[in-house]
Amino acid sequence: MPPSITAFQAAYIGIEVLIALVSVPGNVLVIWAVKVNQALRDVTFCFIVSLAVADVAVGALVIPLAILINIGPQTYFHTCLMVACPVLILTQSSILALLAIAVDRYLRVKIPLRYKTVVTPRRAAVAIAGCWILSLIVGLTPMFGWNNLSEVERAWVANGSVGEPVIKCEFEKVISMEYMVYFNFFVWVLPPLLLMVLIYLEVFYLIRKQLNKKVSASSGDPQKYYGKELKIAKSLALILFLFALSWLPLHILNCITLFCPTCQKPSILIYIAIFLTHGNSAMNPIVYAFRIHKFRVTFLKIWNDHFRCRPEPPIDDDLPEEKADD
């Protein structure tokens with residue numbers, strides 16, 4: 001008999017579905033925009049597409065699985081473990097994509113004359129593939145043994161049961177908090193976030209320095225070049241800020257669970273932290289629309305061409321990036 005759903009769970013499911021309905025179309029629109037607008041096909045936007053793919057998967061895969069876990073079905077231990085791992089893979093992919101974007105923006109302002117010879121499409125593709133492979137390794141580590149199976153088996157055997165344990169599927173029941181804190185957070189989340197903060201601080205410093213010195217660094221007007229880089233860097237730094245704001249609360253709660261097992265965590269705080277992590281996947285397309293002019297123009301063209309049936313002229317590939325909003 002399927003488990004009954006409480007009014008609170010129904011509200012939770014409703015909010016999760018709403019997030020998914022914003023996240024999936026929004027990030028599909030980002031991928032679509034890069035496909036149709038030639039001006040959006042530089043290396044930075046390739047990394048943005050990788051980030052959007054992860055966000056689509058959050059809405060289409062992770063949120064349905066989170067709803068399933070919230071309902072708490074009875075499953076085999078490893079079945080529940082497989083349900084819990086995708087969010088770890090996609091979170092890591094997002095972090096590494098954000099790090100790749102930060103490094104790319106740094107190289108654009110540090111070595112503008114050599115940038116196109118150093119950062120080639122082939123190297124960008126290798127970097128994206130590397131990010132996803134590393135994300136799979138980090139996210140699937142619990143499947144290789146770093147999980148709570150031994151504790152669950154002890155309780156299973158103590159009850160006189162045999163075979164693979166059948167449990168109420170919950171994230172904390174199968175995923176080790178030592179893995180989540182010491183390995184996932186302290187190694188693969190916090191250091192990359194701190195590194196990205198340092199990179200963007202250096203990017204802003206270099207840009208301000210060049211704008212003040214007015215040193216020529218490209219074939220065009222240096223004020224125009226570095227002004228454009230400053231505006232795009234601000235937008236991408238905002239993406240990083242929102243990611244940290246969305247994910248740090250849940251990781252802090254995990255630290256409390258590990259280091260203070262007797263501490264009570266209000267359920268409402270846990271749900272808010274979960275909503276923030278899932279909601280982050282819906283934020284990026286909104287930021288692109290309001291902060292990056294090329295995305296906004298392309299989004300409007302896709303809307304008019306395919307949904308309002310009012311085709312517009314082709315997008316000018318040389319659309320001025322300096323129109324990006326501050």
Side-chain angles (χ1 to χ4, degrees), residues 3-24 26-27 51 54-73 75 79-95 98 135 138-139 142 147-148 167-181 183-186 188-190 193 239-261 263-286:
S4 59
I5 297 176
T6 65
F8 188 82
Q9 285 178 315
Y12 165 81
I13 292 170
I15 295 172
E16 288 281 39
V17 169
L18 182 62
I19 293 172
L21 290 176
V22 175
S23 175
V24 174
N27 285 287
L51 183 60
D55 287 337
V56 168
V58 168
L61 178 64
V62 170
I63 288 179
L65 293 178
I67 292 172
L68 182 65
I69 288 178
N70 182 260
I71 294 172
T75 66
T79 301
C80 185
L81 194 58
M82 284 190 290
V83 169
C85 282
V87 67
L88 303 174
I89 297 169
L90 296 171
T91 304
Q92 195 57 52
S93 173
S94 297
I95 291 170
L98 289 169
S135 300
V138 173
N147 54 53
N148 290 335
I167 61 172
K168 181 180 179 182
C169 187
E170 295 174 346
F171 187 85
E172 290 186 13
K173 192 167 285 185
V174 293
I175 299 294
S176 165
M177 276 299 117
E178 285 82 3
Y179 162 82
M180 285 302 301
V181 174
F183 185 68
N184 189 277
F185 184 45
F186 287 168
W188 292 104
V189 174
L190 194 57
L193 286 178
I239 295 290
L240 172 61
F241 172 76
L242 291 173
F243 183 90
L245 189 67
S246 299
W247 279 96
L248 286 178
L250 188 60
H251 282 289
I252 291 170
L253 288 175
N254 288 339
C255 290
I256 294 172
T257 300
L258 179 64
F259 298 125
C260 184
C263 295
Q264 293 295 317
K265 297 179 297 182
S267 296
I268 188 66
L269 289 183
I270 297 173
Y271 279 104
I272 289 173
I274 292 172
F275 288 143
L276 282 173
T277 60
H278 295 167
N280 179 251
S281 64
M283 295 177 189
N284 294 349
I286 298 171

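- Note that SG of Cys80 and NZ of Lys173 are 8.5 Å apart. Values are rounded to the nearest 0.5 Å.
- More than 12 non-hydrogen atoms from other residues, nucleotides or ligands lie less than 6.0 angstrom from CZ of Phe186.
- Between the CG atom of Leu248 and the SG atom of Cys255 there is a distance of 9.5 Å, given to the nearest 0.5 Å.
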Where do Leu258 and Met180 land on the side chain to side chain contact (heavy atoms under 4.5 Å, CB included) test, with the steps shown first? CA-CA 9 Å; Leu258 179 64; Met180 285 302 301; over 6 Å; no

Kindly indicate, with the supporting measurements, whether the criterion side chain to side chain contact (heavy atoms under 4.5 Å, CB included) is fulfilled by Leu245 and Leu276. CA-CA 8 Å; Leu245 189 67; Leu276 282 173; 6.0 Å; no

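- In this structure, Leu242 CG and Asn284 CG are separated by 7.5 Å, a value rounded to the nearest 0.5 Å.
- Shortest non-hydrogen contact noted between Leu68 and Pro73 is O-CD, 2.9 Å.
- Contacts of Glu172 classified as salt bridge (Lys or Arg N to Asp or Glu O under 4.0 Å), with partners at least two apart in sequence or in another chain: Lys265.
- Rounding to the nearest 0.5 Å places CD1 of Ile63 at 9.5 Å from CZ of Phe275.
- In this structure, Ala20 and Gly59 approach most closely via the heavy-atom pair CB-O, 3.5 Å.
- Closest of all the heavy-atom pairs between His278 and Ala66 is CE1-CB, 3.6 Å.
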Criterion side chain to side chain contact (heavy atoms under 4.5 Å, CB included) on Tyr12 and Ile5, from CA distance to verdict: CA-CA 10 Å; Tyr12 165 81; Ile5 297 176; over 6 Å; no

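- The heavy-atom pair separating Val22 from Ala282 by the smallest distance is CG1-CB, 3.7 Å.
- Not one N or O on the side chain of Ser23 forms a donor-acceptor pair closer than 3.5 Å with the backbone of Ile19.
- Ring planes of His251 and Phe185: parallel class, angle under 30° (limits at 30 and 60°).
- Atom CD1 of Ile175 is separated from atom CG of Leu81 by 5.0 Å, given to the nearest 0.5 angstrom.
- With contacts defined as side-chain heavy-atom distances shorter than 4.5 Å, the pair Val87/Phe171 qualifies.
- Asn27 places a side-chain N or O within donor-acceptor distance of the main-chain N or O of Ser281, the cut-off being under 3.5 Å.
- A heavy-atom distance below 4.5 Å is found between the side chains of Asn184 and Tyr179.
- Residues Glu16 and Ile274 are in side-chain contact: their nearest non-hydrogen atoms beyond the backbone lie under 4.5 Å apart.
- Separating the CE atom in Met177 from the CG atom in Leu253 is a distance of 10.0 Å, to the nearest 0.5 Å.
- Residues Asn147 and Pro142 share a closest heavy-atom pair of ND2-O, 2.7 Å.
- Across all their heavy atoms, Ser93 and Ala54 have their closest contact at OG-CB, 4.1 Å.
- For the pair Val174/Ile167, a side-chain contact is recorded, criterion being any heavy-atom separation below 4.5 Å from C-beta on.
- Side-chain contact between Trp247 and Ile95: absent, with no pair of heavy atoms (C-beta onward) separated by less than 4.5 Å.
- Residue Ile67 forms a side-chain contact (heavy atoms from CB on, under 4.5 Å) with just one option from Ile69, Ile71, Leu65, and that option is Ile71.
- The main-chain N or O of Leu88 is never found under 3.5 Å from a side-chain atom of Thr91 such that the two would form a donor-acceptor pair.
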